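One structure is given below, encoded as structure tokens.
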Amino acid sequence: MIKEVAYRAKGESVVSVSSTGAPRVVGYSIAAGVVPSARRRHGSAEGLIAVLVVSGFFALLTVGYQLSWVIAQSEGTPAAFVSGLALSIVLALTPLPVMFAAVVALDRQRPRPWIRLAFVFGWGAGIAAFFSVALESWVSADLQLYFGVDATTAETVSGVMLAPPVEEAFKGAALVGLLCQCRRAIGSLTDGVVYASVAGLGFATMENILYYLIPIVREGAEEGLAFAAVRGPMMLFMHPLWTSLFGLGAGYALMSRGRVRWPALLLGYAGAALLHFLWNHTIDNAPAPSGVVAWLAGMGKVYLLELVVVGALIGVTVRERRRRAAATWSGPG
């Protein structure tokens, strides 16, 4: 039996030396970075950080736009507007760690690189939020200016009919951006669900900042706190849930071959937009929350549907985790 000793030299091939002294190349040193496609497969941290910086710029533009609108619509001192914005940011960020931990806990056995999670979160909070707000505001303004639609109807059309497909498309695009930087970032259904959910968390956080700012500036901090207590945790749960269906479709499409790939992706997007639409439509038509029981009764059906989807997603991730564990188990001894 020939005894071989392998050694690795930085920047060189991996060579084995047999007992006869003849060298033989058996591979390349991936750790040394000599495999040409390794960088493209696993992604460029510089590229992710660059897009993250761009997302931060768009996030600042979004906050600036909302703040300028609130200033134009309200009375107050510059100090009041600045303090109101600061309180909005604090209230939006406070429940975020809990929701983020819940999303990551879907698959604790395979922790994902923090830079990828930051990338999709920043995309949701910056790029997705900015272009969604810009498009929805533009459509609402044009409906009033060119079609004579009253402000209430225009906001309903923009918020109920337009917002779901637009927002889910921009949030889901975070996965496309991630795949452009890291070709193998999504290799399972759970990967798609986790990354899409984190993008939804970023979008919900920015949206909460924008929504909190209005009652805080107009009616005071106490009213803003009450509004944040109801809306904050709810939307940090709903937006990730909706976008996770897009992620589920993307994960299935990337794992599949043949004609089913594109239908799976489109079905995931359609499911996300439909679930988002049902929520917005129900909220828009729900009775005024003068009575908590009556309001919950009006929202009961959509709440039940959301819980069913949550259960299905958890079932998918658990089943995939068990299948992976069974595939890697080598048996006793």
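It should be emphasised that the depicted structure is a prediction, and the values quoted were computed from it without experimental measurement.
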Do Val54 and Leu52 share a hydrophobic cluster (ILVMFWY, side-chain heavy atoms under 4.5 Å, transitive)?
no
Could you walk me through whether Thr317 and Asp107 pass side-chain contact (heavy atoms from CB on, under 4.5 Å), step by step?
CA-CA 7 Å; Thr317 57; Asp107 192 5; over 6 Å; no
If I take atom NZ from residue Lys301 and atom CG from residue Leu304, how far apart are they, to the nearest 0.5 angstrom?
10.5 Å
Is any side-chain heavy atom of Ser137 closer than 4.5 Å to one of Tyr65?
yes
Listing, residues 83-92 side-chain donor-acceptor contacts under 3.5 Å, not counting sequence neighbours, or none:
residue : atom : partner : partner atom : Å
Ser83   : OG   : Ala79   : O            : 3.0
Ser83   : OG   : Ala80   : O            : 2.9
Ser88   : OG   : Gly84   : O            : 2.9
Ser88   : OG   : Leu213  : N            : 3.3

Provide the closest heavy-atom pair for Pro164 versus Ala273 in the form atom of the first, atom of the second, distance.
CB-O, 3.4 Å
Applying the 4.5 Å side-chain criterion to the ILVMFWY set and letting contacts propagate, would Val310 and Phe277 be lumped into a single cluster?
yes
Measuring from atom CZ of Phe100 to atom OG of Ser197, what distance do you get when rounded to the nearest 0.5 angstrom?
11.0 Å
Gln144 side chain vs Ser140 backbone, donor-acceptor pair below 3.5 Å:
yes
Taken to the nearest 0.5 Å, the spacing of Ile49 CD1 from Phe119 CZ works out to 11.5 Å
Can you spot which of Leu201, Leu236, Val193 makes a side chain to side chain contact (heavy atoms under 4.5 Å, CB included) with Val103?
Leu201
Residues Glu168, Lys171: salt bridge by 4.0 Å N-O rule
yes
Stepwise, does the side-chain contact (heavy atoms from CB on, under 4.5 Å) test hold for Thr205 with Phe121?
CA-CA 9 Å; Thr205 301; Phe121 181 89; 4.0 Å; yes
Run the side-chain contact (heavy atoms from CB on, under 4.5 Å) check on Leu210 and Val133 step by step: do they pass?
CA-CA 10 Å; Leu210 304 183; Val133 170; 4.1 Å; yes
Find out if a path of hydrophobic residues (ILVMFWY) with successive side-chain heavy-atom gaps under 4.5 Å connects Ile186 to Val176.
no
What's the shortest heavy-atom distance between Arg231 and Asn208, and which atoms?
NE-OD1, 2.9 Å
Counting C-beta onward and ignoring hydrogens, is there a side-chain heavy-atom pair between Phe58 and Phe131 closer than 4.5 Å?
yes
Nearest 0.5 Å please: distance from the CD1 atom of Ile214 over to the CD atom of Gln66.
5.0 Å
Can you name the closest pair of heavy atoms from Ala185 and Asp191 and give their distance?
O-OD2, 3.7 Å
Kindly give the heavy-atom pair with the smallest separation between Met255 and Ser188, and that separation in Å.
SD-CA, 3.4 Å
In this structure, are over 12 heavy atoms from other groups packed under 6.0 Å from Gln73 atom CD?
yes
Nearest heavy atoms of Ala250 and Leu175, plus distance in Å:
CB-CD1, 3.9 Å
Short question: side chain of Ser158, backbone of Glu136 - any donor-acceptor pair under 3.5 Å?
yes
Are any side-chain N or O atoms of Asn280 and backbone N or O atoms of Gly159, one a donor and one an acceptor, separated by less than 3.5 Å?
yes
So with a 6.0 Å cut-off around OH of Tyr211, is the heavy-atom count from everything else above 12?
no
Distance check, rounded to the nearest 0.5 Å: Met206 atom CE versus Ile127 atom CD1?
12.0 Å
Hey, is OH on Tyr269 packed in by over 12 heavy atoms from elsewhere, all under 6.0 Å?
yes
Report yes if the side chains of Leu267 and Tyr252 come closer than 4.5 Å at any heavy-atom pair, otherwise no.
no
Between His239 and Gly200, what is the shortest heavy-atom contact and its length?
CB-O, 3.5 Å
Are Trp279 and Leu241 packed together at the side-chain level, in the sense that at least one heavy-atom pair is separated by less than 4.5 angstrom?
no
pair Leu179-Leu254: side-chain heavy atoms closer than 4.5 Å
yes
Cluster question for you: counting only ILVMFWY and a side-chain heavy-atom cut-off of under 4.5 Å, with indirect links fine, are Phe81 and Leu60 together?
no
Treat each ILVMFWY residue as a node, draw an edge where side-chain heavy atoms are under 4.5 Å apart, and state whether Trp69 and Leu145 are in one component.
yes
For Tyr212 and Phe227, take the angle between the two ring planes, folded into 0 to 90°, and tell me which bin it lands in: parallel under 30, tilted 30 to 60, perpendicular over 60.
perpendicular
Strictly distance-based, threshold 3.5 Å: is any side-chain N or O of Ser132 a donor or acceptor partner for the main-chain N or O of Ala129?
no
Whether the side chain of Arg110 engages the backbone of Arg321 through a donor-acceptor N/O pair (distance < 3.5 Å, no angle test) should be reported.
no
Do Cys182 and Leu48 come within less than 4.5 Å of each other through their side chains, counting heavy atoms only?
yes
CG/Leu135 to CG/Leu162 distance, rounded to the nearest 0.5 angstrom?
5.5 Å
Side chain to side chain, Arg116 and Gln181, heavy atoms closer than 4.5 Å
no
Please assess Leu117 against Val194 for the test side-chain contact (heavy atoms from CB on, under 4.5 Å), listing each intermediate value before the final yes or no.
CA-CA 9 Å; Leu117 296 173; Val194 169; 4.3 Å; yes
Measuring only between side-chain heavy atoms, which start at C-beta, is Arg112 closer than 4.5 Å to Val104?
no
I'd like to know if the side chain of Trp123 and the backbone of Phe170 have a donor-acceptor N/O pair within less than 3.5 Å.
yes
